[in-house]
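Whatever order the structure lists them in is the order used to number ligands and atoms, beginning at 1.
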Amino acid sequence: MKINIHKNVFNTNEEYASEVKKILKKYNIKTFNLLSSPGAGKTTLLEETLKLLKDEYKCIVIEGDLATDIDRQRISQVGVESYQINTVKGCHLNAKMIYELLNDIVLNDIDFIFIENVGNLVCPAEYNLGEDHKIVILSTPEGDEKPLKYPVVFRNSDVCIINKTDLVKFVNFDIEKIKINLKKINPDLTTFFVSCYTKEGLNQWINWLKNNKEG
Ligand SMILES: Nc1nc2c(ncn2[C@@H]2O[C@H](COP(=O)(O)OP(=O)(O)OP(=O)(O)O)[C@@H](O)[C@H]2O)c(=O)[nH]1
Ligand SMILES: [Mg+2]
């Protein structure tokens with residue numbers, strides 16, 4: 001049996017995050033930190049994304065959750081390697097968790113690492129994990145005013161995915177209003193309108209990922 005004993009090598013989250021960044025850069029791996037409230041569709045988006053990427057690119061997934069490995073099992077069903085971090089009572093992943101996990105993984109030949117953070121629209125936004133980009137996912141039933149109410153996650157992210165566009169007509173979600181609200185909080189945000197059910201908008205997101213890798 002392999003037992004890994006991890007000491008505190010660094011002091012702060014930022015120190016761990018910058019070390020993670022160095023490791024990922026060395027291996028030329030692009031890493032995305034997916035943030036949203038519970039149920040916005042992080043795992044579903046990952047399932048659909050991986051189906052479209054996995055034949056061309058080597059992807060792995062790190063799943064953050066309080067208690068279970070339900071999402072990791074879903075990712076395994078798609079045929080992609082995945083790792084679980086259970087935070088128990090913690091409401092977010094931190095860079096030390098990612099650093100320690102990366103030390104246990106063979107990183108050769110990986111193109112993309114997707115990190116699904118704990119479902120929470122507040123705390124995870126404040127913790128850099130050494131990722132290349134934070135991706136915030138907002139689903140239409142949550143409401144088009146959410147960027148104004150939870151500005152930090154929208155300000156700290158590079159990409160926003162508005163998911164569940166198939167539900168727009170049922171939930172009084174205003175597409176023009178969300179564009180205005182996102183712009184108010186973060187004018188530089190790249191936004192994709194997606195439905196993981198109808199697959200609308202997925203190609204634009206996939207193209208963005210591929211360009212990010214090649215660029
Ligand atoms: N109508 C609709 N439902 C969706 C869509 N994407 C995901 N869902 C559903 O939304 C629910 C939650 O999706 P998940 O992918 O588990 O959400 P999550 O963000 O990973 O949730 P946590 O990991 O618990 O934070 C599931 O029932 C999905 O099938 C979509 O585009 N349209
Ligand atoms: Mg999930």
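- Evaluated for a side chain to side chain contact (heavy atoms under 4.5 Å, CB included) with Gln84, the options Asp65, Leu101, Ile75, Ile70 yield exactly one hit, Asp65.
- Nearest to atom 9 (C) of ligand 1 among the protein's heavy atoms is Tyr197 OH, 3.6 Å.
- Backbone or side-chain N, O or S atoms of Thr44 do not reach the Mg ion (ligand 2) at under 2.8 Å.
- Proximity to Gly119 (heavy-atom distance under 4.0 Å) selects the following atoms of ligand 1: 25 (O).
- Proximity of Leu102 to Ile113: side-chain heavy atoms (C-beta onward) are separated by under 4.5 Å at one or more points.
- The pair Lys51-Glu47 does not meet the salt-bridge criterion, since no charged nitrogen lies less than 4.0 angstrom from a carboxylate oxygen.
- In terms of polar-atom proximity, Asp65 is not counted as a contact of ligand 1, lacking any N or O under 3.5 Å from an N or O of the ligand.
- Between Leu121, Thr44, Val171, Leu34, it is Thr44 that holds the heavy atom closest to atom 15 (O) of ligand 1.
- Using a 4.0 Å cutoff on heavy atoms, Glu47 does not count as a contact of ligand 1.
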Practice problem: Decide side chain to side chain donor-acceptor pair (under 3.5 Å) for Asn117 and Lys134; before the verdict, give the C-alpha distance in whole Å, the side-chain angles of both, and the deciding distance to 0.1 Å. | Solution: CA-CA 10 Å; Asn117 219 309; Lys134 289 187 179 63; over 6 Å; no

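- One finds an angle of 90° at the Mg ion (ligand 2) between OG1 on Thr43 and OE2 on Glu116, to the nearest 10 degrees.
- Residues Asp109 and Lys58 are not paired through a salt bridge, judged by the lack of any N-O separation under 4.0 Å between the basic side chain and the carboxylate.
- Neither the backbone nor the side chain of Ile137 has a heavy atom within less than 4.0 Å of ligand 1.
- Among Cys196, Pro38, Pro141, Gly201, the residue whose heavy atom lies nearest to atom 31 (O) of ligand 1 is Cys196.
- Side-chain contact between Phe173 and Ile162 is present, with heavy atoms from C-beta onward closer than 4.5 Å.
- Of the possible donor and acceptor atoms, one in the side chain of Asn181 sits under 3.5 Å from a partner among the backbone N and O of Asp144.
- We find that Lys210 and Glu56 are joined by a salt bridge, their nearest charged nitrogen and carboxylate oxygen being less than 4.0 Å apart.
- Here is the list of ligand 1 atoms found below 4.0 Å of a heavy atom in Leu167: 1 (N).
- For atom 10 (O) of ligand 1, the closest non-hydrogen atom of the protein is Lys164 NZ, 3.0 Å.
- Distance check for Asp71 against the Mg ion (ligand 2): an N/O/S atom falls below 2.8 Å.
- Heavy atoms of Asn163 found under 4.0 angstrom from ligand 1 belong exclusively to the side chain.
- Between Ala125 and Leu35, the shortest heavy-atom contact is CA-CD1, 4.5 Å.
- Heavy-atom contacts of Ser195 reach the following atoms of ligand 1: 31 (O) (cutoff under 4.0 Å).
- Atoms of ligand 1 lying under 4.0 Å from any heavy atom of Gly41, numbered from 1 in the order shown and given with element: 13 (O), 14 (P), 15 (O), 17 (O), 18 (P), 19 (O).
- Backbone or side-chain N, O or S atoms of Glu63 do not reach the Mg ion (ligand 2) at under 2.8 Å.
- Some N or O of Gly39 is nearer than 3.5 Å to an N or O of ligand 1, by distance alone.
- Close contacts between ligand 1 and Asp71 involve ligand atoms 23 (O) [criterion: under 4.0 Å to a heavy atom].
- What sits closest to atom 16 (O) of ligand 1 on the protein, heavy atoms only, is Arg74 NH1, 2.9 Å.
- For ligand 1, the atoms closer than 4.0 angstrom to any heavy atom of Asp166 are 1 (N), 2 (C), 30 (C), 31 (O), 32 (N).
- Annotation for Leu66 and Gly90: closest pair CD1-O, 3.5 Å, computed over non-hydrogen atoms.
- For the pair Tyr150 and Ile185, the minimum side-chain heavy-atom distance is 4.5 Å or more.
- Closest approach of Leu93 and Thr87 over heavy atoms only: CD2-CG2, 3.9 Å.
- Counting protein heavy atoms only, atom 25 (O) of ligand 1 is closest to Lys42 NZ, 2.6 Å.
- At least one side-chain heavy atom of Phe114 sits under 4.5 Å from a side-chain heavy atom of Leu53.
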